[in-house]
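Okay, so here's the structure we're looking at.
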Amino acid sequence: MIIDVHYHQIPFIPEEMIPGVLEDPIRAAKLIGINVDMAELMARAREYWPDPDGEKLIAAMDASGIDFTVICAVDNASSDMVTQDMVLMQNQMVGAVARKFPDRVMALAGVDPRRANAPDLLKRCFEEFGMKGLKYHPDYGYNPSGPESYRLIEFLAANKGILLTHTGPLGPPSRVKFSDPLLLGDIGVDFPEVRVIAAHMGLINWRPWASLAAHQPNLYGDLAMWDTYAMSSYGLFCRELRDIIDFVGVQKILFGTDDPIVRVIRPAKDWIDLIRDLPKQAPDGIFFTEDEVAAILGGNAQKLLGIA
Ligand SMILES: [Zn+2]
């Protein structure tokens with residue numbers, strides 16, 4: 001079974017926001033050595049990204065052999081472009097996709113804890129829109145274990161919700177101090193029952209995440225954005241992934257794509273195939289087993305999410 005735990009369901013996107021969101025895939029393409037043509041990328045973004053009813057998501061999953069996907073909405077209270085009404089509408093539409101395809105999709109709410117009414121918004125996302133967890137981008141400017149956030153984590157604890165939260169440095173305007181994986185440490189102390197997925201495992205800064213995940217039973221990490229390392233520096237990726245498995249245990253590592261955003265530069269299937277081929281392709285002296293690959297690609301997420 002293949003499970004993608006990190007997918008951005010985008011019901012709609014204003015044309016003027018596309019170039020900003022394209023910055024990360026463009027950076028990734030340069031690292032991998034893929035020639036990018038801005039007009040072509042814009043055309044792909046317009047084609048792949050806006051997906052109000054989830055039909056593009058399901059077609060992409062079928063094309064790459066993904067059985068189940070955790071989709072998320074994202075809120076950013078520091079952006080004037082993201083209004084209260086937009087947040088509600090986005091969550092409603094993302095929740096509706098999961099309700100439409102309950103055997104294939106689970107939805108996480110995007111609620112910025114800095115909003116005064118954030119607890120009410122999250123409650124509506126669960127009760128009215130059928131969402132099962134929360135997605136954070138703390139690097140927009142908030143502490144994931146601060147008092148505002150704790151109002152939402154309390155709700156997750158009471159309702160068995162999961163938290164997927166961005167970790168790892170990104171370029172400006174990302175406020176990287178808030179994406180430090182160690183900021184999640186308090187959540188594991190005060191809400192040990194809440195399952196937390198540190199998106200990207202901290203990226204290059206993975207050791208702090210690993211040091212914490214080795215001790216906190218409910219702290220996981222996902223491999224979204226690691227395809228850039230894997231496709232640009234394959235040997236380095238293999239060494240680091242091996243180290244992470246040996247330090248933390250393979251059961252903490254979950255597959256993720258960050259699609260449809262990264263889809264503009266590579267099909268998800270290429271990323272899946274790269275992981276699947278690790279036992280055969282890893283450089284001399286670095287070994288992966290078929291069991292480890294199966295656990296990373298879906299077995300771990302299946303247990304974590306309770307998927308039959
Ligand atoms: Zn993401």
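Values below: all heavy atoms of this structure, side chains included; hydrogens, waters and symmetry mates excluded. Order of listing sets the numbers, starting from 1, for every ligand and every atom in it. By convention here, the first residue in the shown sequence is residue 1. None of these values were measured; they are calculated from a predicted model.
At a cut-off of 2.8 Å, His6 coordinates the Zn ion (ligand 1) through an N, O or S atom. In summary, His8 places an N/O/S atom under 2.8 Å from the Zn ion (ligand 1), meeting the contact criterion.
Here the rule is side-chain contact (heavy atoms from CB on, under 4.5 Å) with Leu57, and of Val105, Asp62, Asp259 only Val105 fits it. Exactly one residue among Leu203, Leu31, Leu236 makes a side-chain contact (heavy atoms from CB on, under 4.5 Å) with Tyr229. That residue is Leu203.
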**Request:** Begin from the C-alpha positions of Glu193 and Asn218 and carry the test side-chain hydrogen bond (donor to acceptor under 3.5 Å, both in side chains) through to its verdict.
**Result:** CA-CA 7 Å; Glu193 69 278 38; Asn218 273 328; over 6 Å; no

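The Zn ion (ligand 1) sits nearest to atom OD1 when only the N, O or S atoms of Asp258 are considered.
With hydrogens and angles disregarded, a donor-acceptor distance shorter than 3.5 Å links the side chain of Trp271 to the backbone of Gly256.
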